[in-house]
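Positions are given from 1 along the sequence.
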Amino acid sequence: MTHPLIDFLKTPMAAPETARLRHMRRWWMACCWSLALTVLLLPLLKALFGLWGAAPALILALAAPLHGVTYFRAKLRADEAYAQGARS
């Protein structure tokens with residue numbers, strides 16, 4: 001009989017990444033990188049388009065966290081399902 005902590009350490013903590021989760025993760029990372037680039041270019045965008053130059057940053061500032069929440073909830077569900085399957 002092994003100690004419960006040893007069994008816990010042997011159990012994988014994360015589910016294998018499915019194609020859907022990989023796609024969602026890449027889109028989330030793209031949103032984050034795009035937001036960072038948009039914020040860096042904000043003075044240029046505002047000079048070119050006026051107040052409308054801030055629109056891409058605003059859209060990405062809303063889209064990145066919303067998509068992140070969706071992705072992390074799906075990832076958590078996949079990890080929990082995988083952990084339940086590993087225990088049984």
### Message
Check the orientation of Tyr71 and Trp28. Use parallel for under 30°, tilted for 30 to 60°, and perpendicular for over 60°.
### Response
parallel
### Message
Testing the basics here: between Lys75 and Leu21, what is the closest heavy-atom pair and its distance to 0.1 Å?
### Response
N-CD2, 3.9 Å
### Message
If hydrophobic clusters are built from ILVMFWY residues whose side chains come within less than 4.5 Å, do Met24 and Leu66 share one?
### Response
no
### Query
Heavy-atom count around Leu51 CG within 6.0 Å, excluding the residue itself: above 12?
no
### Task
Carefully, step by step, assess Arg22 and Arg25 under the rule side-chain contact (heavy atoms from CB on, under 4.5 Å).
CA-CA 5 Å; Arg22 182 174 36 255; Arg25 179 178 50 86; 3.7 Å; yes
#### Entry: Leu41 side, atom CG; Ser34 side, atom OG - distance, nearest 0.5 Å
11.0 Å
### Summary
All heavy atoms of Leu42 vs all of Gly53, minimum pair found to be CD1-O, 3.9 Å
#### Entry: Approximate separation, where rounding is to 0.5 Å, of Leu60 CG and Trp33 CH2
14.0 Å
### Query
Nearest heavy-atom pair of Leu45 and Thr38: which atoms, and what distance?
CD1-CG2, 4.0 Å
